[in-house]
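Not measured: the values here are computed from a predicted model.
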Amino acid sequence: MQFKKRLLTLTLMCTTLALAAYLIYTHGILGGGSEQASNAHRRSIVRLEMPEGRQMGGGLGGASQPGSNQRSFLLDDIPGVFAQDAHPNVRDRSQGETAQDWRKCHMETCFDFDRCKNGFKVYLYPRQVPVSAPYAKILSVIERSRYLTANPHEACVFIPSIDTLDQDVLSKDYVPDVGTKLRAQPYWNGGRNHIMFNQYSGTWPDYGEELKFIEQGILVKSSMSIDWIRYGFDISMPLFAKNHPQSGGEMGYLHNASNSIPSIRHYLLAFKGKRYLNGVGSDTRNVLYHIHNAEDIVLLTTCKHGKGWEKLADERCYIDNEEYDKFDYQKLLFNSTFCLVPRGRRLGSFRFLESLQATCIPILLSNSYELPFSEVIDWNKIVIWGDERLLFQVPPMVRSVPQSKILALRQQNQLVWESYFRSVDAIINTVLEIVKNRVARHLVRPSYHWNSVPGAHVVLPEWSDIPNNFPFYYKTFGETPGDHFTAIIYATSAVTASSPLFRVLKMVAKSQYCKKIIVLWNCDVPPPPSSKWPTDLGVPVRVKTRDVHSLNARFLPFKEIETDAVFNFDEDVLITTDEVDFAFGVWLEFADRIVGYPARSHYWDEALAKWIYTSKWTNQFSMILPSAAIYHKYYNYLYHNFLNPLILSKVEEVNNCEDILMNFVVAHATRLPPIKLTQRKAHKPPDAGTPPSAVAASKAVETDQLRFQQRQECLEAFVENFGYMPLIHSSMRMDTMLYKDPVSNMRKKYRQIETVNS
């Protein structure tokens with residue numbers, strides 16, 4: 001009996017103690033706050049569940065969204081919990097509550113949205129001291145950004161001119177005492193609304209990630225880890241080399257069709273790079289030789305780098321060095337299906353961007369690496385994750401990937417490379433767009449803007465949030481453009497009863513697809529009264545005189561344009577109704593291109609080392625002139641809202657070249673050439689009346705030469721502004737069925753085309 005009583009008492013005591021411990025843990029009844037204890041419990045769960053997000057081969061499946069780290073979504077779903085809270089070295093206890101506060105920053109607590117009431121504008125602090133070459137490239141992008149403002153009081157975000165890019169104390173680009181210099185900035189305010197860039201943090205031997213100077217600022221950093229990034233606040237950017245191009249950059253390797261089929265290349269898996277004999281990053285690369293077979297898997301390392309490497313050399317060094325010199329890196333890169341991207345001293349590697357450009361599918365061996373721009377890019381469609389601890393599972397994993405999946409991964413490689421990584425311009429503009437995405441929440445871009453052609457930079461959310469209102473997504477969503485067009489006729493001369501303008505009006509109005517005609521009146525004299533205009537056209541005609549004072553007005557996104565298609569005409573163009581209808585029919589199949597008749601081209605002059613504009617008839621063309629061209633109305637909006645105002649002012653300065661610039665815009669957006677239709681011998685009427693005098697003829701020649709010279713200067717200016725030549729040549733021309741065929745003209749649908757071109 002006594003034994004039973006003692007056992008019951010002991011059981012009650014244990015139960016009471018267990019209940020008390022539970023209450024202390026979950027509700028903090030003995031001094032700890034309930035939220036703090038609850039978050040501590042949640043953090044322990046997060047640490048257990050986080051590895052599930054990145055199993056080896058995870059890049060091949062799953063329904064995760066952009067920002068595809070499943071770990072980041074686990075953390076975002078738990079209020080008040082951040083990845084860095086679970087990291088043992090995150091908090092510097094000597095800094096007290098201040099250090100803890102800035103480590104927990106997110107947009108709602110460390111960003112002042114009131115500053116952004118005037119829209120998304122960026123203020124760049126004036127340069128006061130020289131900066132490193134890579135940081136100079138970054139500042140150059142900001143200086144040319146369409147978001148730049150010279151007024152700090154209307155700025156939404158601020159970018160310091162102090163070089164924070166390299167904080168490795170052993171580097172020649174290291175800038176000391178950055179924190180003090182930043183706090184001295186007039187609008188610092190604890191770092192709120194400031195964006196700071198960093199590629200290298202920490203130094204030998206541990207290469208730590210902590211950067212105390214950021215305070216409440218947004219950190220844009222290379223080699224960012226999942227343990228240190230403040231999700232939804234900081235941004236992971238790629239590690240790029242000092243010689244990474246400022247603008248332009250190399251196109252993806254798949255642009256040559258022969259590089260995409262077959263999908264399997266000569267080597268299955270390849271890597272060539274340094275091997276570290278000790279310290280951080282050495283474990284991953286030191287074991288690669290175990291799966292190297294010198295046949296379809298070629299993994300080469302060398303320890304022959306740095307000072308005194310011979311003193312640390314192990315028994316494999318000389319074997320590795322000899323094998324290393326047998327293979328050319330570029331040949332390996334562009335002839336491999338998969339490229340191994342192991343971590344180096346830091347989590348990021350230059351091999352990552354090199355693999356993307358070569359459309360060599362990256363196999364990542366960098367546990368804890370937060371991939372660049374993962375907030376918006378769906379990396380599951382681009383890379384395959386390996387595990388540094390499970391190297392021997394990599395060969396069977398890559399051998400199991402089907403060819404259809406390889407081609408899909410490779411195509412997505414090319415998309416993200418060309419859209420977001422091919423130049424410093426692309427990288428930094430992506431950073432700005434991500435921050436804008438957070439600030440202007442009513443304009444948040446959907447995933448398909450970022451992860452489908454043509455990429456987010458040329459898809460402006462201010463235009464519309466409906467996919468069908470853009471020319472890029474008709475096939476993706478199974479839709480078609482509207483079945484009518486709006487005609488825009490650019491008028492620059494006074495009219496008479498027999499004016500070419502009236503002839504064009506009548507021809508265009510006869511088209512069964514014409515819904516409305518807008519005449520842009522850019523003349524010194526007012527337009528004639530309505531009684532003088534042709535009657536019974538069958539379509540409404542609107543004559544606009546306001547805001548039509550430069551050639552840029554030709555591409556204004558007028559609210560009167562209600563159709564998807566815009567057909568642009570010169571007032572004196574020679575065109576028939578059949579040609580109008582045929583062009584519209586072709587455009588319906590290629591709604592993202594410029595489709596039309598008069599063409600021009602360009603070519604590279606080796607002797608002059610520059611691009612040359614030409615109007616000669618050749619076997620290729622790269623531009624369609626808007627004297628008779630049809631395109632999607634979105635390009636009018638893009639023309640005026642995407643381009644830097646300085647480049648638009650070039651058109652106004654010379655009163656020329658708007659047609660070249662529009663071709664640049666569309667080619668840059670689509671990476672495709674325009675489409676040329678049936679050739680005419682002449683698209684302008686010959687001069688009528690008395691032949692001009694010798695003096696008049698001479699002046700006409702001088703005028704033509706001046707205009708041609710202006711167009712050459714424009715071409716060079718546009719190339720400089722875009723940073724590369726976006727125009728793409730084509731040798732394809734589309735003619736009507738039965739065109740020039742020896743059959744009765746009555747059997748042909750577009751008979752007028754045959755007549756005017758005979």
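When all heavy atoms of Tyr724 and Gly248 are compared, the closest pair comes out as CB-CA, 3.5 Å. The two atoms that bring Phe590 and Ile675 nearest to each other are CG-CD1, 3.2 Å, heavy atoms only. The two residues Cys360 and Asn413 come nearest to each other via the heavy atoms O-OD1, 4.0 Å. Closest of all the heavy-atom pairs between Pro673 and Arg593 is O-NH1, 2.9 Å. For Leu353 against Leu239, the heavy-atom pair with the smallest separation is CD1-O, 3.8 Å. Summarising the geometry of Ser222 relative to Pro238, their closest heavy-atom pair is OG-O, 3.0 Å, with the distance given to 0.1 Å.
Summarising the geometry, atom CG belonging to Leu356 is positioned 11.0 Å from atom CD belonging to Glu418; distances are rounded to the nearest 0.5 Å. Taking CD1 from Ile428 and CD from Glu433, the interatomic distance works out to 12.5 Å, rounded to the nearest 0.5 Å. Atoms CG and OG1, from Asn286 and Thr301 in turn, are 7.5 Å apart once rounded to the nearest 0.5 Å. Separation of atoms CG (Leu365) and CH2 (Trp385) is listed at 9.0 Å; rounding is to 0.5 Å. Taken to the nearest 0.5 Å, the CG atom of Asp378 stands 13.5 Å off from the CH2 atom of Trp450. To the nearest 0.5 Å, atom OH of residue Tyr174 and atom CG of residue Asp166 are 10.0 Å apart.
A donor-acceptor pair is defined here as one N or O able to donate and one able to accept, closer than 3.5 Å; no such pair exists between the side chain of Asp234 and the backbone of Ile229. Thr430 places a side-chain N or O within donor-acceptor distance of the main-chain N or O of Ala426, the cut-off being under 3.5 Å. With hydrogens and angles ignored, the 3.5 Å screen pairs no side-chain donor or acceptor of Arg345 with any backbone N or O of Tyr207. The backbone N or O of Leu347 sits less than 3.5 Å from a side-chain atom of Ser366, completing a donor-acceptor pair. With hydrogens and angles ignored, the 3.5 Å screen pairs a side-chain donor or acceptor of Arg422 with a backbone N or O of Gly249. The backbone N or O of Ile226 sits nowhere less than 3.5 Å from a side-chain atom of Ser368 that would complete a donor-acceptor pair. With Arg230 contributing its side chain and Arg103 its backbone, the two residues share no donor-acceptor pair below 3.5 Å. Side chain of Asp425 to main chain of Lys137: no donor-acceptor pair is present (N/O by atom type, distance under 3.5 Å, no hydrogens or angles). Side chain of Lys381 to main chain of Gln412: no donor-acceptor pair is present (N/O by atom type, distance under 3.5 Å, no hydrogens or angles). Not one N or O on the side chain of Glu250 forms a donor-acceptor pair closer than 3.5 Å with the backbone of Gln357.
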Verdict with reasoning, His457 to Ser419, per side chain to side chain donor-acceptor pair (under 3.5 Å): CA-CA 7 Å; His457 288 312; Ser419 298; over 6 Å; no
Test log, rule side chain to side chain contact (heavy atoms under 4.5 Å, CB included), inputs Ile218 and Met196: CA-CA 6 Å; Ile218 296 173; Met196 285 153 288; over 6 Å; no
From CA spacing to verdict: side chain to side chain contact (heavy atoms under 4.5 Å, CB included), Leu219, Glu209: CA-CA 11 Å; Leu219 177 63; Glu209 290 188 65; over 6 Å; no
From CA spacing to verdict: side chain to side chain contact (heavy atoms under 4.5 Å, CB included), Ile319, Arg316: CA-CA 5 Å; Ile319 300 174; Arg316 283 210 55 85; 3.9 Å; yes
Check against side chain to side chain donor-acceptor pair (under 3.5 Å), Thr203 and Asp168: CA-CA 5 Å; Thr203 189; Asp168 185 337; 2.6 Å; yes
Derivation of the side chain to side chain contact (heavy atoms under 4.5 Å, CB included) call for Leu432 and Asn429: CA-CA 5 Å; Leu432 296 180; Asn429 282 324; 4.2 Å; yes
Check against side chain to side chain donor-acceptor pair (under 3.5 Å), Gln414 and Thr359: CA-CA 6 Å; Gln414 176 157 294; Thr359 59; 5.5 Å; no
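Remark: Asp325 does not engage Lys304 in a salt bridge, criterion side-chain N to carboxylate O under 4.0 Å. Salt-bridge formation is detected for the pair Asp296/Arg399: a Lys NZ or Arg NE/NH1/NH2 atom is positioned less than 4.0 Å from an Asp or Glu carboxylate oxygen. Checked for salt-bridge contact, Asp173 and Lys242 meet the test: a charged N lies under 4.0 Å from a carboxylate O.
Within the 4.5 Å cutoff, no side-chain heavy atoms of Tyr474 are placed close to those of Thr480. Counting heavy atoms from C-beta outward, Ile382 and Leu371 have side chains that stay 4.5 Å or more apart. Between His668 and Phe722, the closest side-chain pair of non-hydrogen atoms falls below 4.5 Å. Residues Ser452 and Thr476 are not in side-chain contact: their nearest non-hydrogen atoms beyond the backbone lie 4.5 Å or more apart.
Contacts of Glu295 classified as side chain to side chain donor-acceptor pair (under 3.5 Å), with partners at least two apart in sequence or in another chain: none.
A cation-pi arrangement is found for Arg351 relative to Tyr329, the charged atom lying closer than 6.0 Å to the ring centre and inside a 45° cone about the ring normal.
The number of heavy atoms from other shown groups lying within 6.0 Å of CD (Gln246) is above 12. No more than 12 heavy-atom neighbours from other residues, nucleotides or ligands sit within 6.0 angstrom of CD on Glu322.
Taking the centre of each ring, Tyr448 and Tyr473 come in below the 6.0 Å mark. Centroid-to-centroid, the aromatic rings of Phe233 and Phe111 stay 6.0 Å apart or farther. Checked against the 6.0 Å centroid threshold, Trp379 and Phe352 count as a close aromatic pair.
Side-chain atoms of Glu323 and Tyr289 form no donor-acceptor pair, as typed in the model, at a separation below 3.5 Å. Between Asn321 and Thr302, the side chains place a donor N or O and an acceptor N or O closer than 3.5 Å (distance only, hydrogens not considered). Defined by atom type and a distance below 3.5 Å, a donor-acceptor pair is missing between the side-chain atoms of Asp592 and Thr670.
Considering Lys221, Arg346, Glu210 as possible partners of Ser201, the one that fulfils the side chain to side chain donor-acceptor pair (under 3.5 Å) test is Lys221.
Ring-plane geometry between Phe472 and Phe470 is classed as parallel, the angle between the planes falling under 30 degrees on a 0 to 90 degree scale with a further cut at 60.
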